[in-house]
There are 2 protein chains.
Amino acid sequence: MPDFLHNGKLYYNPVEFAMSHIGGTWKMPILWRLNKQVMRYSELKKYLPHISHKMLTTQLRELEAHGFVTRTVFPVVPPHVEYRITDKGRRVIPVIETIRQFGRELMDELGIVERTGP
Amino acid sequence: MPDFLHNGKLYYNPVEFAMSHIGGTWKMPILWRLNKQVMRYSELKKYLPHISHKMLTTQLRELEAHGFVTRTVFPVVPPHVEYRITDKGRRVIPVIETIRQFGRELMDELGIVERTGP
DNA sequence: CCGTATCCTGGTTGATACTG
DNA sequence: CAGTATCAACCAGGATACGG
């Protein structure tokens, strides 16, 4: 597994490179949500109750910079901003599904059940 | 995406749970290597030139604790310790391949080529 | 050869407050 | 409503030293 440079950072393999784009606690949940529907900032925030204001903003900026989502500002008051997954972003979905399925298998083996109600 | 507790830590979704087992810089490279062959500590260290002594030890311990690898000590001097991937560990390989393939696609789009020689 | 312990650094994230 | 700035806390990870 040869390593390589990109934008001044050293990566050791393609997996690490991929995870630098879609890794972290929030990027996959955000893409997962946006794949289901276009959403404005406050809606996303509502669907990701644990994310902080700052993190939602920075993660969305990075996803936008990498071409996984688009950001559309409607010049009204109060502001209205829509986030939409791109074709490139949709190509992440099967990857998420694979990891998600593996996670569920691990959870099954450990007898973990997700909470169903409030 | 309901959240759940496991061993005192709160997880927000199955993806995060999966990544707590196979995420980080080193777990997947280690499993990838051990999938090809049984290896002793010093061999692994040689194949992962950037990993620190401490990290290789701690990551192997965690992989062992989660049942992804086994550790066999041969009681000789100097010590001889072998690491072997388990059946459970092999189930991670397709996940790695999916992420790896996605990483390669991203690299292709950006015109990144891995170094081939020394 | 392999492993543990200690110290220390820097990047990541949350809280809070302020803006158009 | 959406975004930015600042500060502090935390934690992953490296360097080093010592032990069986």
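First the proteins, then the strands, lettered A, B, ... as listed; each starts at 1. Just so we're clear, the structure is a prediction, and the values are computed from it rather than from any experiment.
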Measure from [atom1] on [X] to [atom2] on [N] and round the result to the nearest Å.
| X | N | atom1 | atom2 | value |
| --- | --- | --- | --- | --- |
| A:Leu48 | D:dA2 | CG | P | 14 Å |
| A:Met19 | D:dA12 | CE | C1' | 16 Å |
| A:Glu43 | D:dC1 | CD | C1' | 12 Å |
| B:Glu82 | C:dG3 | CD | P | 12 Å |
| B:Met39 | C:dC1 | CE | P | 16 Å |
| A:Leu56 | D:dC1 | CG | C1' | 13 Å |
| A:Leu44 | D:dC1 | CG | C1' | 14 Å |
| B:Ile30 | D:dG13 | CD1 | P | 11 Å |

Six-ring centre of B:Tyr11, B:Lys9 cation under 6.0 angstrom, axis tolerance 45°: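 The answer is yes; both the distance and angle limits are met.
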OP1 or OP2 of [N] versus the side-chain N and O atoms of [X]: is any pair under 4.0 Å?
| X | N | value |
| --- | --- | --- |
| A:Tyr83 | D:dG3 | yes |
| A:Tyr41 | D:dT4 | no |
| B:Arg71 | C:dG3 | yes |
| A:Arg40 | D:dC1 | no |

Contact check, side chains of [X] and [Y], non-hydrogen atoms, under 4.5 Å:
| X | Y | result |
| --- | --- | --- |
| B:Tyr41 | B:Lys46 | no |
| A:Leu60 | A:Arg71 | no |
| B:Phe74 | B:Val81 | no |

Counting neighbours of CZ on A:Arg84 that are heavy atoms of other residues, nucleotides or ligands and sit closer than 6.0 Å, is the number greater than 12? no
Give one of base, sugar-phosphate or nothing for A:Phe74, where a contact means two heavy atoms less than 4.0 Å apart. nothing
What's A:Ser42 touching, base or sugar-phosphate or nothing? Going by heavy atoms closer than 4.0 Å.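 If one applies the 4.0 Å heavy-atom cut-off, A:Ser42 turns out to touch the sugar-phosphate alone, with no base involved.
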Are side-chain N/O atoms of B:Glu105 and B:Gln101 paired as donor and acceptor at under 3.5 Å?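 There is such a pair between these side chains.
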Would a line drawn from the ring center of B:Phe17 to the ring center of B:Tyr12 be shorter than 6.0 Å?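 No, the ring of B:Phe17 stays outside the 6.0 Å limit from the ring of B:Tyr12, centre to centre.
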To the nearest 10 degrees, how far apart in direction are the end axes of the helix from C:dC1-D:dG20 to C:dG20-D:dC1, each fit to five base pairs?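 Angle reported: 40°, given to the nearest ten degrees.
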Partners passing ring pair (Phe, Tyr, Trp, His ring centres under 6.0 Å) against A:Phe102 (at least two apart in sequence or in another chain):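 By the ring pair (Phe, Tyr, Trp, His ring centres under 6.0 Å) rule, A:Phe102 matches no residue at all.
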Which one of A:Ile85, A:Thr70, A:Thr86 satisfies the side-chain contact (heavy atoms from CB on, under 4.5 Å) criterion with A:Leu34?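 So, applying the side-chain contact (heavy atoms from CB on, under 4.5 Å) to A:Leu34 and each of A:Ile85, A:Thr70, A:Thr86, only A:Ile85 qualifies.
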Base versus backbone protein contacts along nucleotides 6-20 of chain C [heavy-atom cut-off under 4.0 Å; B, S, -]: B------BBB----B
